[in-house]
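Only one structure is covered here, and it is reproduced in the block below.
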Number of protein chains: 2
Amino acid sequence: MAATIKDIARLAGVSPATVSRVLANKTAFYGPTTAEKVQAAALKLGYRKNTAAAELVTQHSNVIAVVVNSVKTNFSSQIITGIQDTAAAHGLHVIIVYAGITDPEAQRKALLTVIERPVMGILLLSLNLTPENLQLLQGAQTPYCFLSIAFDDGDLPSIASDDWQVGYQATQTLLKAGHRQIGLAAVDSDSHTGRFRLAGYESALRDAGVTPQAEWVQPGVYSYEAGREAMAAYGVTSGLTGVVAGSDMAAIGVLNQARNLGLAVPTDLSIVSIDGTEMCELVQPQLTSVSQNFYDMGAAGVRQLLAPDQHPQQVTPIQVVERETVRTLPVK
Amino acid sequence: MAATIKDIARLAGVSPATVSRVLANKTAFYGPTTAEKVQAAALKLGYRKNTAAAELVTQHSNVIAVVVNSVKTNFSSQIITGIQDTAAAHGLHVIIVYAGITDPEAQRKALLTVIERPVMGILLLSLNLTPENLQLLQGAQTPYCFLSIAFDDGDLPSIASDDWQVGYQATQTLLKAGHRQIGLAAVDSDSHTGRFRLAGYESALRDAGVTPQAEWVQPGVYSYEAGREAMAAYGVTSGLTGVVAGSDMAAIGVLNQARNLGLAVPTDLSIVSIDGTEMCELVQPQLTSVSQNFYDMGAAGVRQLLAPDQHPQQVTPIQVVERETVRTLPVK
DNA sequence: TAATTTTAAGCAAACGTTTGTTTAATTGGT
DNA sequence: ACCAATTAAACAAACGTTTGCTTAAAATTA
């Protein structure tokens with residue numbers, strides 16, 4: 001079995017208290033020779049601190065937990081990198097647990113995994129909690145912050161892009177290139193995110209003097225399949241010259257499905273994607289996107305955990321990056 | 001502050017011991033009315049068990065930790081799903097921590113994060129540990145198992161594909177289609193994995209009466225960039241009609257770079273990829289691949305943790321799945 | 001009714017740390 | 001040489017659980 005502080009104490013001929021202090025590099029309460037003896041004994045026994053025991057007495061932990069929904073849109077790695085870097089800079093550790101995207105029971109289990117042990121804070125990655133699970137989360141006396149998702153309830157701390165702007169700017173990118181018939185694909189219609197993107201999309205159209213058509217929007221869950229299905233629903237006769245897709249994966253779905261339908265991108269159909277992950281540059285042609293600042297989202301998340309009172313809801317900037325999937329239409 | 005078992009005991013007018021027993025659903029030592037009182041009190045106080053404290057006394061944990069290298073090849077999600085499902089079936093929780101791919105210090109920190117708290121076992125995802133860090137891992141008295149990576153040292157428990165077979169079958173897929181000049185791209189030359197894939201590749205060539213050429217292999221780290229660089233190094237004048245790429249990402253790299261060079265895939269160049277993640281079907285043309293069984297790898301990993309003694313080294317099956325990137329050459 | 005068994009609940013120790021307080025030993029000043 | 005001040009180390013309590021053991025009460029048996 002693993003060596004404890006007491007084993008070291010015995011071997012070095014000192015008290016556990018002293019061992020604890022030298023191992024924690026406390027500045028006082030022991031002399032240089034004792035310190036050496038203790039270090040030597042610790043090394044010899046291959047001592048590993050039992051952090052759980054330490055956290056129990058100090059009543060404070062330095063791990064932050066990230067709960068991720070396992071949806072197949074892969075911006076999470078960028079957010080996690082942002083979290084990781086910022087956490088490391090503050091001397092914090094990061095653990096990640098996966099929750100099912102919809103299954104409330106899987107969500108609950110994931111939540112309990114982190115709530116039932118001492119964590120310093122909880123970051124929830126594009127996770128839509130059921131009311132019961134939200135209550136569970138709030139019942140734990142732990143700071144938390146939602147990432148890449150926003151709520152109508154303004155009190156829930158969250159960091160995300162301005163979804164209305166996302167929808168607006170994506171649409172505007174196509175409008176500026178002369179498009180008038182523009183679809184919105186694979187954006188879900190019942191989340192805050194989806195509703196605001198839709199609203200932004202419609203505003204952009206109206207501001208350009210185009211009246212939105214119901215059949216131009218094909219809702220979906222941001223997945224590759226949702227993208228394909230949306231494009232399949234449009235078909236070749238929709239008259240659409242451009243579509244904005246709810247995610248990079250969805251955009252690839254419409255891209256591939258368009259190809260299946262015999263539509264060349266961007267010659268016959270322009271696409272602007274939402275997210276701007278590295279996927280955009282892997283695919284041919286490369287996807288023009290309104291890119292979110294995922295790294296910063298993660299970084300802001302851990303800062304929010306460290307100073308929980310200020311700005312409960314934060315917005316990270318977006319930017320449209322032009323690549324190869326929008327064609328400028330000739331003026332007629 | 002959070003409610004403890006003692007708070008419940010006080011509220012329900014019983015002892016902490018009794019509370020502990022009813023909350024753990026122990027079968028005896030208390031009566032039905034007491035049980036109800038305790039349940040009610042627990043609910044009222046919004047009690048959350050402090051698992052760390054419990055683990056401290058029971059000296060046993062039910063969380064398994066996964067250490068992931070953050071390389072940009074994304075099969076990890078499949079492995080993790082396999083781990084997650086199998087763990088859940090055994091009532092185990094899963095936490096994930098990211099380690100840098102090469103930075104030994106980041107590796108060490110990640111390792112310490114999991115070693116310094118009570119975990120039931122450790123799974124290491126395609127992680128190449130430095131000798132010091134390996135020693136650190138072995139010093140912890142915790143079962144562990146490497147996944148998707150094998151070692152020359154036969155004592156290290158690991159679950160992976162047979163890399164020699166991977167190299168052999170990938171190459172053979174091209175040979176069967178009539179190819180004779182076949183490259184190997186973005187496989188690293190100093191890991192066990194890379195060396196065995198290379199050996200399999202060369203054996204396949206020799207078995208078909210082709211003598212391998214040094215300039216046909218362009219080593220690399222399995223990344224998208226490595227794939228691009230390899231293809232760039234080949235150029236248009238290499239005479240290669242096919243290349244096997246070290247990973248899906250690498251394959252996409254050679255695919256895109258080939259296109260940049262004016263080479264059509266598969267007309268001018270055939271590609272077979274190694275891994276077979278969903279990426280293969282996202283890209284156009286879809287990548288023919290030798291696919292690994294990542295889900296099973298994860299599942300086998302947790303089983304290995306639960307019964308550590310048997311088969312220290314296991315192999316999961318592979319299969320080649322034909323898609324659109326290998327062209328059958330006309331017989332001359 | 002007395003003796004015995006069963007059931008219900010409490011007591012107290014233990015897990016591996018941290019840290020405030022106490023005690024002992026050393027140093028320094030006069 | 002004595003007292004104060006400093007330094008070094010040990011003591012002991014605490015964190016929130018679990019669980020073996022003990023005790024008290026109730027139920028069963030003869």
Side-chain angles (χ1 to χ4, degrees), chain A residues 1-39 41-42 45-63 112 115-120 140-142, chain B residues 1-39 41-42 45-63 112 115-120 140-142:
Chain A
M1 69 220 76
T4 76
I5 229 176
K6 289 181 189 169
D7 299 320
I8 299 179
R10 203 171 313 124
L11 182 61
V14 300
S15 78
T18 303
V19 175
S20 171
R21 289 192 242 254
V22 352
L23 258 27
N25 280 314
K26 285 282 190 306
T27 43
F29 295 113
Y30 59 87
T33 52
T34 342
E36 271 173 42
K37 272 192 302 185
V38 169
Q39 299 284 12
L45 294 174
Y47 171 73
R48 287 294 129 217
K49 166 177 183 167
N50 183 332
T51 303
E55 287 173 343
L56 184 56
V57 20
T58 59
Q59 296 284 78
H60 137 301
S61 158
N62 64 156
V63 352
L112 283 178
I115 284 179
E116 286 190 346
R117 60 198 76 226
V119 301
M120 183 255 126
Q141 303 294 330
T142 310
Chain B
M1 68 222 77
T4 77
I5 230 177
K6 290 182 189 168
D7 299 320
I8 299 179
R10 203 171 313 121
L11 182 59
V14 301
S15 78
T18 303
V19 174
S20 172
R21 289 193 244 255
V22 352
L23 258 27
N25 280 315
K26 284 282 191 304
T27 44
F29 296 114
Y30 60 87
T33 52
T34 343
E36 272 174 42
K37 272 192 303 185
V38 169
Q39 298 285 10
L45 293 173
Y47 172 72
R48 285 297 126 214
K49 166 177 181 167
N50 183 332
T51 302
E55 287 173 345
L56 185 56
V57 21
T58 59
Q59 295 284 77
H60 139 299
S61 156
N62 65 156
V63 353
L112 283 178
I115 284 178
E116 286 189 349
R117 59 198 77 222
V119 301
M120 181 257 124
Q141 303 295 328
T142 309

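The sequence lines fix the lettering, A, B, ..., with proteins before strands; numbering per chain opens at 1. Source: prediction; values computed, not measured. Side-chain atoms are counted along with the backbone in the values below, which use heavy atoms only and exclude waters and symmetry mates.
- Here Thr18(A) reaches the OP1 or OP2 of dA10(D): one of its side-chain N or O atoms lies under 4.0 Å away.
- When the local axes at the two ends of the helix from dT1(C)-dA30(D) to dT30(C)-dA1(D) are compared, using 5 base pairs at each end, they differ in direction by 50° after rounding to 10°.
- Between Leu23(A) and Gln39(A), some side-chain heavy-atom pair lies under the 4.5 Å cut-off.
- Annotation for Ala140(A) and Ile115(A): closest pair CB-CG2, 3.6 Å, computed over non-hydrogen atoms.
- The nearest whole Å value for the distance from the CD1 atom in Ile8(B) to the P atom in dG10(C) is 14 Å.
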Quick test: give all pairs of protein nitrogen or oxygen and nucleotides 14-18 of chain C nitrogen or oxygen below 3.5 Å, distance rounded to 0.1 Å.
{"unit_1": "dC15(C)", "atom_1": "O2", "unit_2": "Val57(B)", "atom_2": "N", "d": "3.3"}
{"unit_1": "dG16(C)", "atom_1": "OP1", "unit_2": "Gln59(B)", "atom_2": "NE2", "d": "3.4"}
{"unit_1": "dG16(C)", "atom_1": "N2", "unit_2": "Ala53(A)", "atom_2": "O", "d": "3.3"}
{"unit_1": "dT17(C)", "atom_1": "OP1", "unit_2": "Tyr47(A)", "atom_2": "OH", "d": "2.7"}
{"unit_1": "dT17(C)", "atom_1": "OP1", "unit_2": "Asn50(A)", "atom_2": "N", "d": "3.2"}
{"unit_1": "dT17(C)", "atom_1": "OP2", "unit_2": "Ile5(A)", "atom_2": "N", "d": "2.8"}
{"unit_1": "dT17(C)", "atom_1": "O5'", "unit_2": "Tyr47(A)", "atom_2": "OH", "d": "3.1"}
{"unit_1": "dT18(C)", "atom_1": "OP2", "unit_2": "Ser20(A)", "atom_2": "OG", "d": "2.4"}

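- Taking each heavy atom of Thr4(B) and Asp7(B) in turn, the nearest pair found is N-OD2, 2.8 Å.
- Between Val63(A) and Ser61(A), the closest heavy-atom pair is N-OG, 3.1 Å.
- Contact record, Pro16(A) with Ala9(A): N-CB, 3.6 Å, taken as the closest heavy-atom pair.
- For the pair Ile8(B) and Leu11(B), the minimum side-chain heavy-atom distance is 4.5 Å or more.
- Between Gln141(A) and Ala2(B), the closest heavy-atom pair is CG-N, 4.4 Å.
- Applying the side chain to side chain contact (heavy atoms under 4.5 Å, CB included) rule to Asn62(B) yields the partners Glu55(B), Leu92(B); only residues at least two apart in sequence or on another chain are considered.
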